[in-house]
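Step one of this worksheet: look at the structure below.
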Amino acid sequence: MASGDSLAGVPRRLCHQNLSFLRNRRLHRILELAGHELRFGLPGPGDGVLVWGASPTAWRGEALAARRGVPLVRVEDAFLRSVHPGRAGTEAPIGLIFDPVGVHFDSSRPSRIEQILQDTDFQNSNILHEISMLMHWLFHADLSKYNNHDQSFPSPDPGFVLIVDQTAGDASIRHSGASADTFRVMLATALRDRPEARVVIRTHPETALGLRPGHFGPDDAGGRVSLLTAPVSPHGLLANAAEVYTVSSQLGFEAILHGHRPRVFGQPFYAGWGLTEDEAPVPRRTRRLTREELFAGAMILAPLWYDPCRDRLCGLEDAIRQLEAEVRAFREDRAGHVAAGMRLWKRGRLQAVFGGGMPLRFRDDPVAADRLAAGSGRGLLIWAGKEPAGFTPQAPCLRVEDGFLRSRGLGAELVPPLSLVTDGLGIYYDPTRPSRLETLIATPLTEAQRRRAEAVIARLKKEGLSKYNLGGAVPPLPPGHRILVPGQVEDDASIRLGAGEVRTNLGLLQAARAANPGAVILYKPHPDVEAGLRPGAVDATGLADMVLSGTDPAALLDHVQEVWTMTSALGFEALVRGVPVTCLGAPFYAGWGLTRDLGQVPDRRIARPDLAQLAHAALIAYPRYWDPVSRRPCPVEVALDRLASGDIPHPGGLNRALSKLQGRFASLAHLWR
């Protein structure tokens, strides 16, 4: 069930006389991708006229279409839009609904959505199951039409009656057969019919931002009635509400998805299908739908969804992934950050990733940065390896590190990362304290999360993707039981904090050979060490049967039967490819029952996740991905596209020069130790 027919009945060329359409690049691009043309001017035979919904300027297009005798098409935002409301003017919508019949909020006549809901045969249990997963994904990701709510604000205690306010004068009120008086009637009805209940009036997000007034204010609160102006999650509100009263708000639609039967005082698109208590029924709507069928019509069949990273039309699932990535960035960065411990060459990428809403302020000293952050209401963003011992930040603190799908090229060569992890508890490579990654690994998956993780694992295997994606062919290997031993950077924080008794590459090779005297030991030096950028070189003579310099480590995993490691991320890549792993240290993936652990692992790792849980935590939920092509937050699937295709802007000559200097200084420092 796809949205490919959502422009059925729309002429190929659409004309307009609206100056705002000239500047609306997203509108032009979506139409172009759908095979349509939007141009300023007068329509000819076979053309149509496009207007925005029932906006104050729509009358010009309506008159033009009538005068020329051509079809009129209306466009509106889809029901999943952006982080901020459209009137904030900061973001383009992720989806649009084009309607050659009417407009979804005008109950005086049919609309495209109404026709879909009235006529579509939804009786396919597999499709409806998919829809149920998508619905619950929205709940779990806390996504709504607008997403500038703040998850730190709690919903009122369960059991209240929710009254949904809307902006005064909105076309969706007037065209649904309601007025300002309807809101007064709605509140009076709730107070009369629920004499003992707490009543919560939820202010519209645009009213809370001061963009447009609503129908209720402080004078309406008192006694058992409260006015909720805080940016509380709409899904949290609906989960705690006992009943929902609305005129025509989209929150009524979302209430249905949560299992409510809202009391509706207008005639919105979701009323009249047997899922609402209608004060003003729409006689022509005679069909009875399930909430999954309503969702399918409104969210899958009616809209055109757009993927801004890959610049293409997409399905709802891709739209959810993209919006989820953008919303996560907004939620983590909304207060701004003071960044500490960030090398100069990293700052441009860090500013792009974390400074989209409020530019980062950089400080070298973590203590001074923390003091500035705490005094300014910002958070502290600190490179995890630069956190001082015993440091107790006063500001909310996120530790930052490279993610596990990083780049095509080495960090030590100053290649910027596509993924960065953030952790407010600890950091993944430090087993001496809990981390957010540990919490995520121990968290059971929803069905949608599991399927997504399995798809990511399958793609990693198929396309041979890994952390650095350096390439390098696999040479002929000796026959026998092959054990891959990945070398590491010996002064790396994961060794300092997570290694056990064996803390060097030489010690690792000796342990692997002693335990497996008849095996074929394949030693893969760490790429940073091979490049001469970090310490850890070792003479493997007599211990390894073969030293595989310049070989793609991910490709090697298809040719070995085991991996022995201290704390290398290659152990994780081996696990997700089904290769058994023996750990001598305590990397993030050890201690969960997925590895053979010869070192000491934290006692707190008592959950027994499967590989899908581990992969979802490490590759989807923990990192933030940033697309260097579209220059915006993105989901892991876009990062995989970039890594597979190599469609990534390369660092310039300055970065390469800095890389050589960095390697020279690292070598000198190692000699002086």
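Keep in mind that the numbers below use all heavy atoms, side chains included, and drop hydrogens, waters and symmetry copies.
Not a single donor-acceptor pair under 3.5 Å links the side chain of Asp77 to the backbone N or O of Leu96. Of the possible donor and acceptor atoms, one in the side chain of Asp370 sits under 3.5 Å from a partner among the backbone N and O of Gln394. A side-chain donor-acceptor contact under 3.5 Å links Tyr625 to the backbone of Leu619. When atom types are taken as modelled, the side chain of Glu279 and the backbone of Glu277 share no donor-acceptor pair closer than 3.5 angstrom. Ser248 places a side-chain N or O within 3.5 Å of a backbone atom of Ser172 that can act as its donor or acceptor partner. Under a 3.5 Å cut-off, the side chain of Thr207 and the backbone N or O of Arg212 do form a donor-acceptor pair. With hydrogens and angles disregarded, a donor-acceptor distance shorter than 3.5 Å links the side chain of Arg378 to the backbone of His337. Panel note: side chain Gln351, backbone Leu360; a donor-acceptor pair is recorded below 3.5 Å. In terms of modelled atom types and a separation under 3.5 Å, the side chain of Gln115 and the main chain of Arg112 share no donor-acceptor contact. With hydrogens and angles ignored, the 3.5 Å screen pairs no side-chain donor or acceptor of Asp170 with any backbone N or O of Thr167.
Centroid-to-centroid, the aromatic rings of Phe269 and Phe253 come within less than 6.0 Å. Less than 6.0 angstrom separates the ring centroid of Phe79 from the ring centroid of His104.
Side chains of Arg261 and Val244 form no contact here, defined as non-hydrogen atoms less than 4.5 Å apart. At least one side-chain heavy atom of Gln166 sits under 4.5 Å from a side-chain heavy atom of Ile173. Contact check for Arg184 versus Phe216: side-chain heavy atoms found under the 4.5 Å cut-off. A 4.5 Å side-chain heavy-atom check between Val282 and Trp273 finds every atom pair outside the cut-off. Under the 4.5 Å side-chain criterion, counting only non-hydrogen atoms from C-beta, Arg194 is not in contact with Val199. Here the side chains of Asn240 and Phe160 are in contact, with some heavy-atom distance below 4.5 Å. Counting only heavy atoms from C-beta outward, the side chains of Gln118 and Thr286 approach each other to under 4.5 Å. Between Leu381 and Phe354, the closest side-chain pair of non-hydrogen atoms falls below 4.5 Å.
His260 and Arg291 share no donor-acceptor pair across their side chains, judged by distance under 3.5 Å alone. A donor and an acceptor atom, one from each side chain of Asp165 and His215, are located under 3.5 Å apart. A donor-acceptor pair shorter than 3.5 Å can be found between the side chains of Ser107 and Gln267. Side-chain polar atoms of His28 and Asn24 form no donor-acceptor pair below 3.5 angstrom. No side-chain N or O of Ser152 forms a donor-acceptor pair with one of Arg334 less than 3.5 Å apart. A donor-acceptor contact under 3.5 angstrom links the side chains of His129 and Glu447, judged on distance only. A side-chain donor-acceptor contact under 3.5 Å links Ser630 and Asp627. A side-chain N or O of His84 and one of Glu91 form a donor-acceptor pair less than 3.5 Å apart.
Note on Arg202 versus Glu254: no salt bridge recorded, every NZ/NE/NH1/NH2 to OD/OE distance being 4.0 Å or above. Look at Arg287 and Glu293 and you find no salt bridge, because none of the NZ, NE, NH1 or NH2 atoms lies under 4.0 Å from a carboxylate O. Looking at Glu326 and Arg632, a side-chain N of the basic residue comes within less than 4.0 Å of a carboxylate O on the acidic one, giving a salt bridge. A salt bridge is absent between Arg198 and Asp157; no separation between the charged side-chain nitrogens and carboxylate oxygens falls under 4.0 Å. One finds no salt bridge joining Glu76 and Arg81 here, because no Lys/Arg side-chain nitrogen approaches an Asp/Glu carboxylate oxygen to under 4.0 Å. For Glu317 and Arg321, the salt-bridge test passes: some basic side-chain N is under 4.0 Å from an acidic carboxylate O.
Shown here for Met358 and Ala335, the closest heavy-atom pair between the two residues is SD-O, 3.6 Å. Trp59 approaches Pro56 most closely through the heavy-atom pair CD1-O, 2.9 Å. For Val51 against Ala58, the heavy-atom pair with the smallest separation is CG1-O, 3.7 Å.
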Practice prompt. Start with the C-alpha distance between Ser435 and Ile427, add both sets of side-chain angles, then the distance that settles side chain to side chain contact (heavy atoms under 4.5 Å, CB included), and finish with yes or no.
Written response: CA-CA 5 Å; Ser435 70; Ile427 193 64; 5.9 Å; no
Discussion item. Determine whether Ile113 and Leu117 satisfy the following criterion, side chain to side chain contact (heavy atoms under 4.5 Å, CB included), listing intermediate values before the conclusion.
Written reply: CA-CA 6 Å; Ile113 288 183; Leu117 295 174; 3.8 Å; yes
Item to complete: For the pair Asp278 and Phe265, evaluate side chain to side chain contact (heavy atoms under 4.5 Å, CB included) and give the outcome as yes or no after the intermediate values.
Response: CA-CA 6 Å; Asp278 298 327; Phe265 288 75; over 6 Å; no
Practice prompt. Please report the C-alpha distance between Arg624 and Glu332 in whole Å, then the side-chain angles of each, then the deciding distance to 0.1 Å, and finally whether the salt bridge (Lys or Arg N to Asp or Glu O under 4.0 Å) criterion is met.
Written response: CA-CA 10 Å; Arg624 281 172 52 172; Glu332 287 192 0; 2.9 Å; yes
Worksheet item: What do the steps show when you test Ile256 against Tyr270 for side chain to side chain contact (heavy atoms under 4.5 Å, CB included), and what is the final call?
Response: CA-CA 9 Å; Ile256 294 171; Tyr270 53 82; 3.8 Å; yes
Fill in: Step-by-step salt bridge (Lys or Arg N to Asp or Glu O under 4.0 Å) determination, Glu324 to Arg452
CA-CA 14 Å; Glu324 186 177 24; Arg452 187 180 184 190; 3.6 Å; yes
Worksheet entry | Stepwise salt bridge (Lys or Arg N to Asp or Glu O under 4.0 Å) test for Glu387 and Arg433 | CA-CA 14 Å; Glu387 183 178 7; Arg433 57 181 172 177; 3.0 Å; yes
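Considering only residues two or more places apart in sequence or on other chains, His136 meets the ring-ring contact (aromatic ring centres under 6.0 Å, His included) condition with Phe139.
When the shell of 6.0 Å around CZ of Arg631 is examined, it contains 12 or fewer heavy atoms from other residues, nucleotides or ligands. Within 6.0 Å of CZ on Arg25 lie no more than 12 heavy atoms contributed by other residues, nucleotides or ligands. Open room surrounds CZ on Arg451; 12 or fewer heavy atoms of other groups in view lie less than 6.0 Å from it.
Once rounded to the nearest 0.5 Å, the distance linking CH2 of Trp52 with OG1 of Thr57 reads 11.0 Å.
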